[in-house]
There are 2 protein chains.
Amino acid sequence: MTEPPKLTRNQDLVLGCLQKTGTPMSAYDILGQLKADGIKAPLQVYRALDKLVAAGLAHRLESLNAFVACAGDECHRRGLIAFAICETCGSVEEFADAVIRQRLDGWAEESGFHTHSATVELRGTCAGCTRPH
Amino acid sequence: MTEPPKLTRNQDLVLGCLQKTGTPMSAYDILGQLKADGIKAPLQVYRALDKLVAAGLAHRLESLNAFVACAGDECHRRGLIAFAICETCGSVEEFADAVIRQRLDGWAEESGFHTHSATVELRGTCAGCTRPH
DNA sequence: CTGTTATTTGTTATGTCATAACATAACATC
DNA sequence: GATGTTATGTTATGACATAACAAATAACAG
Ligand SMILES: [Zn+2]
Ligand SMILES: [Zn+2]
Ligand SMILES: [Zn+2]
Ligand SMILES: [Zn+2]
C-alpha cells in the first residue's frame, strides 16, 4: 500500500540498530552503537530518526525520550497507536484501539480541537516480568 | 475529599508560578521566574514539581517536557487524564474519559500488563486558534 | 525542653537529550 | 554540466534532568 521508502545509508544503519536491539534506545545509545560504522555526531542520528519516524518505521516514545523500531505486526501505520512500556525489561508492545481513537476524535470534534498528533503510552510491568517463569 | 497537602515554601512558589502563567512551563522557565524569590538552582524546582505532581496539583506533559498547573475543574485526580495541547497558543485542556480508561484497562487485563501510569496527550490547534475571532 | 529521626532545602557539579548554523557531497533532471 | 534538492559531516551550543553531599527545619517521643 505504502511505497518502499528507500532508506539512505544512515537511515538504514539507525533502523538496523533499533531492530537488532528491539527495546527503546536514546539517540545517544544509537550513536554509541554506530561509532564503528562512521556515525560520529548526534545530528546524524536525529536526522535519520526523523525520517524513520515520519515513515512509520520507528516510533518516538515521549515518556522515555527514546525511540523504538516499529513492531509492524499489523498495518497500524494509519491511525492512533498506543504503547505499553515495561519498566522492568524495557519491552514495548504496540496496539491500536479503534474505540480509543474514536473517543479522542469525538472529544476533539465537540471541543473544536484539531488534532495533529496523539500520544498514548502506558508504563508498567509486562506479563513476562510479572510472572518470572 | 483528599487532605490539604500543606505546601512548603518552594512548592507554593512553584505552584503559584504555574497557576499565574496558566500554560505549560519548563522547570527552567519556572526557575527564571522565581530567581527573585530566592530559587537559585534547577533542583529546587524539580523537587517541588515532584511533590506537586504526586499530589495531583500539577501535571507533567511528556510530549513537551514541561509542567502545567492542574485545571482541577472536575475531580479527576483519581483515574486517567488526557491533555489537549494547543501548539499555537500553548493552552492545555484536561479531560477525563471513562471509556478510554476502560479500554486501556481492558487491554492491560488481556495482555497481563500491570499499568503504573498512563499518558494520553493530543497535540494540535485549539478552537480559539482555529477561529481567530 | 531535648534528643532523635525524617524531611526539606541549598549548592555545586555533572549527565542526558536535542538543535542551530554552516559547509560539503550526492543525486536528480533538464 | 548547470541547477535545484536532498542527504551528510562537523562544531558548538542550548535545553532538560539528576547525583552527591552538607545544612537547616519539622515532627515527635520521652
Ligand atoms: Zn509501529
Ligand atoms: Zn517486562
Ligand atoms: Zn488536573
Ligand atoms: Zn490555541
Side-chain angles (χ1 to χ4, degrees), chain A residues 3-18 21 23-55 57-68 85 87 90 92 117 119 121 123, chain B residues 3-18 21 23-55 57-68 85 87 90 92 117 119 121 123:
Chain A
E3 77 296 337
K6 231 186 182 187
L7 300 181
T8 66
R9 170 179 163 77
N10 286 1
Q11 290 159 19
D12 195 56
L13 284 169
V14 169
L15 181 57
C17 187
L18 283 174
T21 300
T23 47
M25 305 180 79
S26 76
Y28 281 75
D29 291 339
I30 297 168
L31 176 61
Q33 292 295 310
L34 295 180
K35 282 272 172 62
D37 298 284
I39 302 290
K40 291 178 182 167
L43 253 178
Q44 296 176 270
V45 177
Y46 280 108
R47 289 200 274 229
L49 285 169
D50 281 348
K51 293 298 167 66
L52 293 172
V53 169
L57 296 169
H59 302 292
R60 175 181 172 81
L61 301 174
E62 298 288 353
S63 67
L64 241 41
N65 289 336
F67 301 84
V68 69
I85 303 163
E87 292 174 325
V92 176
S117 67
T119 299
E121 294 176 16
R123 303 283 296 271
Chain B
E3 75 299 335
K6 233 187 180 187
L7 300 181
T8 65
R9 169 177 163 78
N10 285 2
Q11 290 161 17
D12 195 56
L13 283 170
V14 169
L15 180 57
C17 187
L18 283 173
T21 301
T23 47
M25 304 180 80
S26 76
Y28 281 76
D29 290 339
I30 297 168
L31 177 59
Q33 292 295 310
L34 295 180
K35 281 272 173 63
D37 298 285
I39 302 290
K40 292 177 181 167
L43 223 65
Q44 298 177 268
V45 177
Y46 280 107
R47 289 199 276 229
L49 285 169
D50 282 348
K51 294 298 168 65
L52 293 172
V53 169
L57 296 170
H59 302 293
R60 175 179 171 83
L61 301 174
E62 299 288 354
S63 67
L64 240 40
N65 290 337
F67 301 84
V68 71
I85 302 163
E87 292 174 325
V92 176
S117 67
T119 300
E121 296 178 15
R123 304 283 296 271

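Proteins get letters first, then strands, A, B, ... in listed order; numbering begins at 1 in each. Just so it is clear, the structure is predicted and the values come from calculations on it, not from any experiment. Just so you know, these numbers use all the heavy atoms, side chains as well, and skip hydrogens, waters and symmetry mates.
Straight-line distance from the CG atom of A:Leu49 to the P atom of D:dT8: 12 Å, rounded to whole Å. The CG-P distance, from A:Asp12 to D:dA7, rounds to 14 Å in whole Å. As a whole-Å value, the separation of B:Lys40 NZ from C:dT9 C1' is 12 Å. Between the P atom of D:dG9 and the CG atom of A:Asp37 lies a distance of 11 Å, rounded to the nearest Å. The distance from atom CD of A:Gln11 to atom C1' of D:dG9 is 15 Å, rounded to the nearest whole Å. Between A:Gln44 atom CD and C:dT19 atom P the separation is 16 Å, expressed in whole Å.
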* To do: Indicate for each nucleotide in nucleotides 12-28 of chain D, in 5' to 3' sequence, whether protein heavy atoms under 4.0 Å reach the base (B), only the sugar-phosphate (S), or nothing (-).
  => ----BBBBB--------
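Considering all non-hydrogen atoms of both residues, B:Leu15 and B:Leu57 come closest at CD1-O, 3.7 Å. Closest non-hydrogen pair, A:Val14 versus A:Ala48, comes out as CG2-CB, 3.7 Å. Shown here for A:Val53 and A:Phe67, the closest heavy-atom pair between the two residues is CG2-CD2, 4.2 Å.
Not counting sequence neighbours, the partners of A:Glu62 by the side chain to side chain contact (heavy atoms under 4.5 Å, CB included) test are A:Arg60, A:Thr119, A:Glu121, B:Glu62, B:Ser63. In this structure B:Arg47 satisfies the side chain to side chain contact (heavy atoms under 4.5 Å, CB included) test together with B:Leu43, sequence neighbours excluded.
Here the side chains of A:Val45 and A:Pro42 are not in contact, with every heavy-atom distance at 4.5 Å or above.
Distances shown here put every side-chain N or O of B:Thr8 at or beyond 4.0 Å from the OP1 or OP2 atom of C:dT7.
Across C:dT9, C:dT11, C:dT8, the shortest atom-to-atom separation from the side chain of B:Lys51 is found for C:dT8.
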